[in-house]
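Here is the structure we will look at.
Lettering of chains follows the sequences in order, A, B, ..., and the numbering in each one begins at 1.
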Amino acid sequence: MSESNQDFVRQIITADCAAGKHDGRVHTRFPPEPNGYLHIGHAKSICLNFGIAQEFGGKCNLRFDDTNPEKEDVEYVECIKEDVRWLGFDWEDRLFFASDYFQQLFDWAVKLVEKGKAYVDSQSVEEIRKGRGMGGSPGVESPYRDRSSDENLDLLMRMKAGEFEEGSHVLRAKIDMAAENLLLRDPVLYRIRKVAHHRTGEAWCIYPTYDWAHGQSDSIENITHSVCTLEFVNHRPLYDWCLEELEVFHPQQIEFARLNINHMVMSKRKLLQMVEAGHVSGWDDPRMPTLIGMRRRGFTPAAIRKFCEHIGVAKFNGVHEMSLLEFVLREDLNKCSERRMAVVDPIKVTLSNYPEGKSEDLEAINNPGDESAGKRMVPFSRQLYIERADFMEDPPKKYFRLAPGREVRLRYAYFITCQEVIKDDAGEVVEIICSYDPATRGGDAPDGRKVKGTIHWVSAAHAVTAEVREYDHLFNDPNPDSGEDGKTFLDHINPDSLRTRRDCQLEPSLENATPGQPYQFERLGYFCVDSADSAPGRLVFNRTVGLRDSWAKKQKK
RNA sequence: UUCGGCAUGGUGUAAUUGGUAGCACGACAGAUUCUGGUUCUGUUAGUCAAGGUUCAAGUCCUUGUGCCGAAACCA
């Protein structure tokens, strides 16, 4: 990457290195709270932090910001580690927890008290909030603000010893109750919580707040650039204040805009609502923007990395279009997916002049863009399935597929011509009778005649049956969170975001498809075996993303 | 309300820090094609507004407007 085309974060780091700051050392960290599942927004942060480390020859730590025992759980720790690994990043031996620093953090709090820069406040939550005041006028100082250093120390020790009830005391920094930045009006550093922590157990009953833990954790790990999202801009003065008062290594906090994608919601709280209300099957529902959900859907780590590269990093809080995510996905899948034929909405075709009982194997190319993917044989016989959408009794102009009297090519097989249509009592087409031209075996006519359409097919006698799940946006509105017309994101849920097709007919080689392997079903899209619901006798495929479909687009107009 | 951040085609993101507004996605059109896929080519459209400084402003200054964030014993 040339220096002039770097994003603003990398520009800062480049300048720091050039200036010899930290002797040119670059060390970042990805600091998730283990209170939920990672989503594509976190992937942006992961790619940024680990990516910067790679590019600048530095390191990136994985640190769990686990300072709130009420919300966190080890279950999430393991999932998050797996997600980061899956995305392709390695923290090597640098797996850390803020809870590992609880003792150091406490010692530093003592130091602050001794310096007269922190005090124990015995007001209630409400009193503290009221005292902080509103922007525009200064807050009022706590009546406990001027306790002596000794008294503060005594109270802090007894807080730690568990002598007090939750909510009776907190430790506050003594900064400035008139500060324009409300976060500087004596922020809370420690609160009493008589709750077991998922890692430290019963060892502590006071826990540091984010503001007291985060910067110091960065400092302990010698992080040079502490990259976080925009909502922490207001915290930076406090981040800096703590480090300066403690006279410890001082990382630089840099804030960037979090990721938003249209037709999607990204907050943990809202995603949790989707799960709890049953709008999705769980955190790993293939429609969810969670990394586990996207993995199950068939996204590749490379596509997500590419996406993060494409969207860039800035301070503008915009909304990206889903089409970019789909573009990078198709781009990656197109390269690595073997082609197969599958009929998702089957209609029967009988070839009147093809001998009964006969079958033959025809050669098909696995990936036209990659010769090394080789070829495979596909069985052919008198009775086939084709896609219902590939036949129309009364076709519009520019329709290239099968219709009465029309000739099309069956991919890698023969030219066929529609002779007759059989309908049921309801007038629904149930079978199409065609003739085939034996001279076109393989798909080319010796007389050089052309057909406009090529369609996919599956031999009825050889097909395997499967369920195929097709997904669409979870929300109809591109900006479900806008709050317009008093609607919430739940009012914009797309009722048709999942379409299950039960009697799909697949070419037999798909019987042994394994999870994790992407396939392109020709003319339909990219698919993968569902890792949760598919079983040997009961195949289930997910449509990761459809192929671009310019015919469908033309039809809409 | 106060404080803070941000503003470039439909969307997102660049512009050697004052010197030809570029890239990607999308949309549209065409070429190629045994996938209406892929690939290739072309078209489209932008500096929030008003002043100012300057030979020259997306970039600097002033004012305004709009959007976002914060005012948790969450992170």
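- Rounded to whole Å, the C1' atom of rU13(B) lies 23 Å from the corresponding atom of rA49(B).
- For rC25(B) and rG19(B), the P atoms lie 28 Å apart once the distance is rounded to whole Å.
- With both ends at atom C1', the span from rG12(B) to rU47(B) equals 15 Å, rounded to whole Å.
- RNA chain B is contacted by both Tyr412(A) and Val233(A); Val233(A) maps to the nucleotide lying nearer its 5′ end (nearest heavy atom per residue).
- Base-pair partner of rG37(B): not found among the strands shown (Watson-Crick or G-U wobble, both distances under 3.5 Å).
- Residue contacts shown for Phe64(A) are absent, as no nucleic acid heavy atom lies under 4.0 Å away.
- In this structure, Arg401(A) reaches the bases: a heavy-atom distance under 4.0 Å links it to at least one base atom across the strands shown.
- Ring pair Tyr76(A)/Tyr37(A): centre-to-centre distance below 6.0 Å.
- When distances run from any side-chain atom of Phe232(A) to the nucleotides rU17(B), rG69(B), rA75(B), the shortest one goes to rA75(B).
- Residue Lys306(A) qualifies as open at atom NZ: its count of foreign heavy atoms under 6.0 Å is 12 or below.
- Nucleotide rU59(B) forms a pair with no other nucleotide shown, judged by Watson-Crick or G-U wobble geometry with both contacts under 3.5 Å.
- Here the closest heavy-atom approach between residue Ala303(A) and residue Val328(A) is recorded as O-CG2, 3.5 Å.
- With a 3.5 Å ceiling on both atom-pair distances, the Watson-Crick or G-U wobble partner of rU13(B) is rG22(B).
- Nearest nucleotide to the Ser550(A) side chain, out of rC25(B), rA70(B), rG37(B): rG37(B).
- Spacing of P atoms, rU43(B) relative to rG52(B), comes out at 37 Å, to the nearest Å.
- Of the candidate nucleotides rU35(B), rC25(B), rG5(B), rU35(B) has the atom nearest to the side chain of Arg339(A).
- Residue Val328(A) is classed as having no contact, given no heavy-atom separation below 4.0 Å to the nucleic acid.
- Within the nucleic acid shown, Gln520(A) comes within 4.0 Å of at least one base atom, counting heavy atoms only.
- By the stacking rule of 5.5 Å between ring centres and under 30° between planes, Trp551(A) stacks on the base of rG36(B).
- When the nucleotides rC73(B), rG4(B), rC74(B) are ranked by their closest atom to the side chain of Ile128(A), rC73(B) comes out on top.
- His235(A) comes within 4.0 angstrom of a base, heavy atoms only.
- Counting heavy-atom neighbours within 6.0 Å of Arg258(A) CZ, excluding the residue itself, gives a total of 12 or less.
- Across all strands shown, rA7(B) pairs with rU65(B); the Watson-Crick or G-U wobble distances both stay below 3.5 Å.
- Across all strands shown, Arg409(A) has heavy atoms under 4.0 Å from base atoms, whether or not it also approaches the sugar-phosphate.
- A 3.5 Å limit on both hydrogen-bonding distances identifies rA27(B) as the Watson-Crick or G-U partner of rU43(B).
- Figure legend. rA70(B) is base-paired to rU2(B); pairs are counted as Watson-Crick or G-U wobble with both atom distances under 3.5 Å.
- With P as the reference atom, rU63(B) and rA29(B) are 49 Å apart, rounded to whole Å.
- For Phe8(A) and Phe256(A), the ring centers are positioned 6.0 Å apart or more.
- Residue contacts shown for Gln123(A) include a base, since a base heavy atom lies under 4.0 Å away.
- Using a 4.0 Å heavy-atom distance criterion, Gly167(A) is classed as a base contact.
- Backbone-only contact: Val319(A) has heavy atoms under 4.0 Å from sugar-phosphate atoms and none from a base.
- The C1' atoms of rG22(B) and rG58(B) are separated by 13 Å, rounded to the nearest whole Å.
- Note on Val188(A): only backbone sugar-phosphate atoms sit closer than 4.0 angstrom, heavy atoms only; bases stay farther off.
- Comparing the same atom, C1', in rG46(B) and in rG26(B) gives a spacing of 15 Å after rounding to whole Å.
- Side-chain N/O atoms of Arg191(A) include none lying less than 4.0 angstrom from OP1 or OP2 on rA72(B).
- Taking every side-chain heavy atom of Arg193(A) into account, rC73(B) is the closest of rA75(B), rC73(B), rA14(B).
- Checked against rA75(B), rG12(B), rC73(B), the side chain of Tyr210(A) finds its nearest nucleotide in rA75(B).
- Mapping Leu410(A) and His169(A) onto RNA chain B via the closest heavy atom, the residue that lands nearer the 5' end is Leu410(A).
- OP1 or OP2 of rU38(B) sits under 4.0 Å from a side-chain N or O of Arg548(A).
- Enclosure of atom CD in Glu165(A) is not indicated, since only 12 or fewer non-hydrogen atoms of other residues, nucleotides or ligands lie within 6.0 angstrom.
- Residue Lys194(A) places its NZ atom among more than 12 non-hydrogen atoms of other residues, nucleotides or ligands, all under 6.0 Å distant.
- Heavy atoms of Asp211(A) sit nowhere under 4.0 angstrom from any nucleic acid atom.
- Residue contacts shown for Thr229(A) are absent, as no nucleic acid heavy atom lies under 4.0 Å away.
- Taking the charged nitrogens against the carboxylate oxygens, Asp437(A) and Arg449(A) do have a contact shorter than 4.0 Å, which makes a salt bridge.
- Nearest to the side chain of Leu547(A), among rA24(B), rA75(B), rG37(B), sits rG37(B).
- Nearest nucleotide to the side chain of Phe316(A), out of rA7(B), rC73(B), rU17(B): rA7(B).
- For the C1' atom pair drawn from rC73(B) and rA14(B), the interatomic distance equals 44 Å after rounding to whole Å.
- Within 4.0 Å of Lys452(A), counting heavy atoms only, lies no atom of the nucleic acid at all.
- Phe327(A) comes within 4.0 angstrom of the backbone, heavy atoms only, and of no base.
- Closest contact between the side chain of Lys553(A) and the listed nucleotides rC28(B), rG37(B), rA15(B) involves rC28(B).
- Screening Arg411(A), Glu507(A), Arg523(A), Arg340(A) for a side-chain hydrogen bond (donor to acceptor under 3.5 Å, both in side chains) involving His456(A) leaves a single residue, Arg523(A).
- For Arg132(A), counting side-chain heavy atoms from C-beta on, the closest listed nucleotide (rU35(B), rA75(B), rA72(B)) is rA72(B).
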